[in-house]
Amino acid sequence: MDVKNKIIDAISQAIKQAIDAGIFKNTGELPEINLEVPPKKEFGDYATNFAMQSAKIFHTNPRKIAEEIKSRISADWLEKIEIAGAGFMNFYLKPDVIYNELKNIYTGLENFGQLPNKNNATIQIEYVSANPTGLLHVGHGRGAAAGSAIVNILRAAGYNVESEYYINDAGNQMENLAKSVNARYLQHFGKDVEFPEDGYHGADIFDTTNRIIERDGDKYLALPENERLKILEDLAYADKLAELKKDLAAFKVGFDVWFSERTLHPDKINDAIKVLRERGEIYEKDGALWLASMKYGDDKDRVVIRENGVPTYLAADIAYHKNKFERGFGTLINLWGADHHGYIARVKAAMTALGFNADNLKILLLQMVSLYRGGELVKMSKRTGESITLRELMEEVGTDAARYFFLMRSIDSQLDFDLDLAKKKSADNPVYYIQYAHARICSIFRQVEENNLQLIDAPKFNMLVTASEIDLINKIFEYPNEIEKAAAEFAPQRIARYVYDLAAQFHSFYRDCRILGVDKDLAQARLALIKITAHTIRHALNLLGVSAPTSM
RNA sequence: GCGUUCGUGGCUCAGUUGGAUAGAGCAACGGCCUUCUAAGCCGUGGGUCGCGCGUUCGAGUCGCGCCGAACGCACCA
């Protein structure tokens, strides 16, 4: 048990005693005991606001409650407890506690940052899911970075997670892809054909077409239009999907499952409609089939089967989410671009209509990305193909900077991505600032042997007493809790910020505390401390999908 | 018009589920390299947390109403 839980345990015992002794008259549910690291060092190592939280149910003033709890806690590892402000309880630990905890971390360092398995029902998270009709752009990049980081963080927090990519490989857009490639194909061989109105104008369509031509030449030229379209659709689809996977892999993003929309057509869709119909949620109007989604909170009812008998995109999505629910996950998470928010109500309504608990479907919205270069907004347009692709972004600023910049802001905030800043190799750039801390530590390790110094199993941690040492130690202690919170809030930016703060703490330590040339016991204790620091930085960067170079 | 998200120093953003004197970075200014990487460190100035009302011991955080921004509001995906 770590210190934090020991304190919580002691508080909760004290409360129990006070209740048993009739001091506290409990007239409600006890609030959770919240232990936090206080904003100021004078407020101790840990603090709780429990006395204030519980004032209402105990009908007692907070300071009095705090006194009663304090008088019932005696632990040899506690230096003192102080009551401050309106009723804060500040806990001051004996120094030994800190050194013991540090020793525990050091002994099990390889696992530091991996929290015990929560034995939860698997959480499924679906993200990116871009249509396989073009290249990924920066918006997808943000989704890819956020989704993969959330997966990593959830796993570190001990959740079982499965990631999935939903491939929209059915419907109109695939036909448009085929028509677009078909037109480029024919144009390449000198045919005077018009480019389709709804076609994809991007330069990547030429690339796809050229790859097909390189391999197969003009062998589809003489085929009847319909046959050629069919073949080109398959070829273009395969090519686009391969490109997607290539870019995602380069961006350190992988999926456990690639789910094809085609596998839903037509049986699973028909089945979903049938179930809805049996449950009385479907009606016919104007020749189409409608889902009565309005009664479950949607703005209006939605068509699921068109007048011409073709299912809408929503119908496929209903079948898809039904399938996800039936696979037995505990929680389903969808990471969507904010431009899809209008879609939430209808999907949730459909799930409710099917009899599932729609609360188990959590939809996270990712706000838009704006790119800035030279202080000016870089305009994006999918139609004209002038968008900046993820691939171009990676080439321009590098994978590490791109990922970190995508992750440093809350997903709820629109992101201004400064391309010039991301490219800078200086302190202005947070990515380099963090990586530099790691590289500095590695550099020290490269030199210790020459100085007749080595890492030992049981260093004298109690030699670490200066402020910058203690601050660094405390920052390290916060890490597991930070992972827990980042996981609970699906908030990668917490880890991004944490590792930045940790790096800052290390840089201060580096200034104040030398390792080479000081007393051997002290040097070994410091060496162990920076080994822990390096591990923690590397672990956190790894959660974000950012590399931790050993030299820069 | 309706909905979602956002509004915090000049700029970009955090803010630990309502707590202690609101924090970083950039920009500005001033210091620190003959010793482990100056891609670093230390310091100074800069805020009516969009506006108003409410909830309570306590509000940047919760509720309501305005104002502003982005994105949505299909038998497209």
Side-chain angles (χ1 to χ4, degrees), chain A residues 32 34 36-40 42-43 47 49 52-53 55-56 61-62 84-88 90 131 133 168 170-174 176 198 261 286-290 299-300 302-308 310-317 337-345 365-368 370 372 375 408-416 418 421 424-433 435-437 439-448 450-451 478 481-482 485 488-489 491 493-494 496-497 500-501 503-504 506-518 523 530 551-552:
Chain A
E32 201 182 325
N34 231 318
E36 58 176 24
V37 177
K40 300 260 175 187
E42 306 94 86
F43 299 143
N49 59 357
M52 289 176 283
Q53 302 276 18
K56 206 162 281 177
N61 91 53
F88 285 100
N90 295 333
N131 292 345
T133 55
N168 294 122
N172 277 339
Q173 77 272 15
M174 293 307 289
N176 287 337
D198 301 328
E261 183 191 341
D286 306 331
L289 289 187
W290 296 69
D299 294 339
K300 50 175 286 193
R302 308 286 172 179
V303 170
V304 285
I305 305 289
R306 298 183 183 96
E307 208 175 339
N308 62 11
V310 177
T312 60
Y313 180 78
L314 178 63
D317 230 12
D339 52 340
H340 286 77
H341 74 81
Y343 212 73
I344 297 174
L365 291 180
L366 203 61
Q367 293 297 321
M368 304 284 107
S370 304
Y372 286 84
M408 66 199 279
R409 304 291 177 228
S410 154
I411 60 171
D412 291 331
S413 283
Q414 291 171 29
L415 177 68
D416 287 336
D418 184 338
L421 177 60
K424 263 196 213 169
K425 293 193 168 22
S426 79
D428 307 358
N429 188 335
V431 187
Y432 288 96
Y433 181 85
Q435 291 179 324
Y436 184 52
R440 266 184 156 175
I441 295 173
C442 295
S443 171
I444 293 171
F445 273 100
R446 269 180 242 118
Q447 293 173 60
V448 292
E450 299 165 17
N451 286 268
E478 287 174 29
N481 196 239
E482 209 54 44
K485 282 177 178 160
E489 298 168 20
Q493 85 276 2
R494 293 195 73 109
R497 172 151 295 250
Y500 184 91
D501 290 344
F506 168 75
H507 285 308
S508 290
F509 163 88
Y510 183 89
R511 174 209 49 194
D512 294 337
C513 303
R514 289 193 56 80
I515 288 167
L516 300 179
V518 301
I530 65 167
S551 70
M552 290 172 74

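Any value given below was found using the heavy atoms of this structure, including those in side chains, with hydrogens, waters and symmetry copies removed. We name chains A, B, ... by the order of the sequence lines, and we start the count at 1 in each one.
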Note to self: Run the ring pair (Phe, Tyr, Trp, His ring centres under 6.0 Å) test against His341(A) and tell me which residues pass, sequence neighbours left out.
What the structure shows: none
Next item on the list: Only stems of 3 or more consecutive Watson-Crick or G-U pairs count here, both distances under 3.5 Å; name the ones for RNA chain B, or none.
Entry: B:1-7 with B:67-73, B:10-13 with B:23-26, B:28-32 with B:40-44, B:50-54 with B:62-66
Notebook entry, point to check: Does Lys300(A) have a side-chain nitrogen or oxygen under 4.0 Å from the phosphate oxygens OP1 or OP2 of rC75(B)?
Noted result: yes
Next item on the list: Would you please name every residue forming a side chain to side chain donor-acceptor pair (under 3.5 Å) with Asp512(A), sequence neighbours left out?
Entry: Ser468(A)
Checklist line | OP1 or OP2 of rA74(B) under 4.0 Å from side-chain N/O of Arg302(A) | finding: no
Notebook entry, point to check: How would you label the contact of Gln173(A) with the nucleic acid (heavy atoms, under 4.0 Å): base, sugar-phosphate, or nothing?
Noted result: sugar-phosphate
Next item on the list: Please identify each residue that fulfils side chain to side chain contact (heavy atoms under 4.5 Å, CB included) with Tyr313(A), with sequence neighbours left out.
Entry: Tyr166(A), Asn168(A), Glu261(A), Asp317(A), Tyr343(A)
Notebook entry, point to check: Residues two or more places apart in sequence or in another chain: which of them pass side chain to side chain donor-acceptor pair (under 3.5 Å) with Glu489(A)?
Noted result: Arg494(A)
Check: How far, in whole Å, is rG50(B) from rU44(B) if one measures between their P atoms?
Finding: 27 Å
Checklist line | For Cys442(A), all residues meeting side chain to side chain contact (heavy atoms under 4.5 Å, CB included), sequence neighbours excluded | finding: His438(A), Arg446(A), Thr550(A)
Item checked: Contact pattern, 5' to 3', of nucleotides 2-12 of chain B - B, S or - by protein heavy atom under 4.0 Å -> -BSSS-----B
Atom pairs, N/O to N/O, protein against nucleotides 29-35 of chain B, distance under 3.5 Å?
unit_1  : atom_1 : unit_2    : atom_2 : d
rU35(B) : O2'    : Arg514(A) : NH2    : 3.3

Next item on the list: Could I get the full list of salt bridge (Lys or Arg N to Asp or Glu O under 4.0 Å) partners for Arg409(A), not counting sequence neighbours?
Entry: none
Next item on the list: State which residues pass side chain to side chain donor-acceptor pair (under 3.5 Å) with Ser413(A); sequence neighbours excluded, sorted by chain then number.
Entry: none
Margin query: Under the criterion of centre distance below 5.5 Å and interplanar angle below 30°, is Phe43(A) classified as stacked on the base of rA20(B)?
Written below: yes
Margin query: Looking at rC41(B), I'd like to know if its phosphate oxygens (OP1 or OP2) sit under 4.0 Å from a side-chain N or O belonging to Tyr433(A).
Written below: yes
Notebook entry, point to check: Which residues satisfy the side chain to side chain donor-acceptor pair (under 3.5 Å) test with Arg497(A), sequence neighbours excluded?
Noted result: none
Check: Does Ala345(A) have any side chain to side chain contact (heavy atoms under 4.5 Å, CB included) partners at least two apart in sequence or in another chain, and if so, which?
Finding: Asp298(A)
